[in-house]
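The structure appears below as structure tokens.
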Amino acid sequence: MTTAPTAPGPPTSAAPRSAAAGSGAPAPDGPAAPDGPAAPDGPAAPDGLPAPDDLAARAAALVRDAVLGDLARRVVADCGADVGLVGVPDREPAGPAAEGMVLRHWAGTRADLLHGLAVPAGTGLGGRALAERTPSWVPDYRAATTISHHYDAAVTAEDLYAMLTVPLLHHGAVHGVVYASLRAVVPFGDVRIGAVTRLAEAATRALAGAAAWCGAPAAADPAPRGPGPSAPPAPRLAPPLTRREHEVLRWAATGRTNPEIAAQLGLTCNTVTGYLKSAMHKLGVRNRTELALAARESGLLD
């Protein structure tokens with residue numbers, strides 16, 4: 001049985017496949033373009049594969065997850081914390097108007113109340129670190145009067161007391177906040193604060209590299225550079241402290257309370273407070289955690 005020939009006519013109404021779908025058919029209004037360079041809007045991805053930009057974004061997300069997960073584990077393994085947590089901003093990375101974060105990574109937890117917990121900026125200790133972009137700690141989270149207590153149930157379920165939070169900062173953007181928590185009421189000394197801070201800095205450098213893969217603005221250096229190589233940052237110079245200010249500062253950096261320092265040096269608590277306030281003013285810091293970090297950077301604890 002023979003088939004009747006089809007009469008010639010205009011092309012069918014089905015839309016032609018795009019070049020991204022691998023079609024080689026000519027467009028209705030002209031012949032197909034010869035093989036050559038890709039169109040200005042970027043190379044086409046093969047069938048079934050994500051575009052190169054999608055691959056870069058996925059790779060960056062995998063690196064972020066790996067780095068932050070390792071950070072939570074190392075806070076426990078290397079810094080002597082009982083629980084390590086890492087909060088990730090709602091928008092990665094967070095700019096100056098960060099709205100909050102979610103606890104995405106953890107190590108050492110016994111319950112799951114902290115897993116996936118949303119923490120708005122300014123709430124709790126971690127939310128304060130996110131909002132103020134500065135490390136902060138309390139020897140007893142449940143009794144602290146300087147923070148909100150939105151998360152006491154979750155903290156109590158983990159039997160946590162002492163807590164340190166350090167933001168992961170890069171050029172003003174926050175890539176996350178790391179928590180180091182202990183199941184005991186203890187002050188955080190300079191050694192533990194320094195160890196957690198160094199881990200946070202190493203993780204931040206890795207995250208900045210991951211952000212650069214997908215063109216995140218936080219990975220770009222906004223500082224203008226000259227034609228030659230950039231000079232290393234100048235070391236922080238130690239301000240002139242009095243002998244007593246220096247003594248009180250060194251004891252405070254070990255995590256001693258004001259009454260303990262006063263008993264050690266034969267001073268009143270008010271006098272110790274005055275020396276600490278004076279040292280904070282000279283170093284340009286706002287709390288004891290910042291004071292300990294600035295003192296170490298300035299060589300005052302050597």
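Heavy-atom basis, side chains included; hydrogens, waters and symmetry copies ignored.
Annotation: side chain of T271 is not in contact with side chain of L265 (no heavy-atom distance under 4.5 Å). Taking the side chain as every heavy atom from C-beta outward, L169 and T204 never approach each other to under 4.5 Å. Residues L199 and V178 are not in side-chain contact: their nearest non-hydrogen atoms beyond the backbone lie 4.5 Å or more apart. Under the 4.5 Å side-chain criterion, counting only non-hydrogen atoms from C-beta, L267 is in contact with R244. Between W137 and V196, every side-chain heavy-atom pair lies at or beyond the 4.5 Å cut-off.
Note on W251: it does not cluster hydrophobically with V191, by side-chain heavy-atom contacts below 4.5 Å among ILVMFWY residues. Hydrophobic clustering keeps Y151 apart from Y161 (ILVMFWY residues linked when any side-chain heavy atoms are closer than 4.5 Å, directly or through intermediates). There is no path of hydrophobic side-chain contacts, each under 4.5 Å, that joins I193 to V76.
The backbone N or O of G274 sits nowhere less than 3.5 Å from a side-chain atom of S278 that would complete a donor-acceptor pair. Proximity of a side-chain donor or acceptor of T273 to a complementary backbone N or O of C269 within less than 3.5 Å is detected. Under a 3.5 Å cut-off, the side chain of R128 and the backbone N or O of T146 do form a donor-acceptor pair. Side-chain N or O atoms of T165 include none that pairs as donor or acceptor with a backbone N or O of P135 at under 3.5 Å.
Remark: R142 CZ to H149 NE2 distance equals 11.0 Å, nearest 0.5 Å. Here the CG-SG distance, from L164 to C79, works out to 9.0 Å after rounding to the nearest 0.5 Å. To the nearest 0.5 Å, atoms CG (L125) and OH (Y179) are separated by 7.0 Å. Note that the NE2 atom of H246 and the CZ atom of R243 stand 11.5 Å from one another [nearest 0.5 Å]. With rounding to the nearest 0.5 angstrom, the CZ atom of R192 is 12.5 Å from the OG1 atom of T197. A distance of 7.0 Å separates CG in L85 from CE in M163, rounded to the nearest 0.5 Å.
L276 is linked by a side-chain contact (heavy atoms from CB on, under 4.5 Å) to V248, A252, N258, V272, R288, L291, counting only residues two or more places apart in sequence or in another chain.
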With a 3.5 Å cut-off and sequence neighbours excluded, list the donor-acceptor pairs that the side chains of residues 102-115 form with protein atoms.
from, atom 1, to, atom 2, distance (Å)
W106, NE1, H115, NE2, 3.3
T109, OG1, H115, NE2, 2.9
H115, NE2, A111, O, 3.4

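A donor and an acceptor atom, one from each side chain of Y275 and T242, are nowhere located under 3.5 Å apart.
In terms of heavy atoms, A279 sits closest to L241 at CA-CD2, 4.2 Å.
Under the side chain to side chain contact (heavy atoms under 4.5 Å, CB included) test applied with S181, the options L160, D82, D159 reduce to a single match, L160.
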*Yes or no on side-chain contact (heavy atoms from CB on, under 4.5 Å) for L130 and V119, after CA distance, side-chain angles and deciding distance?*
CA-CA 9 Å; L130 176 65; V119 181; over 6 Å; no
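Residue pairs meeting the salt bridge (charged side-chain N to carboxylate O under 4.0 Å, His left out) criterion with at least one partner in residues 145-158, sequence neighbours excluded, are E158-R183.
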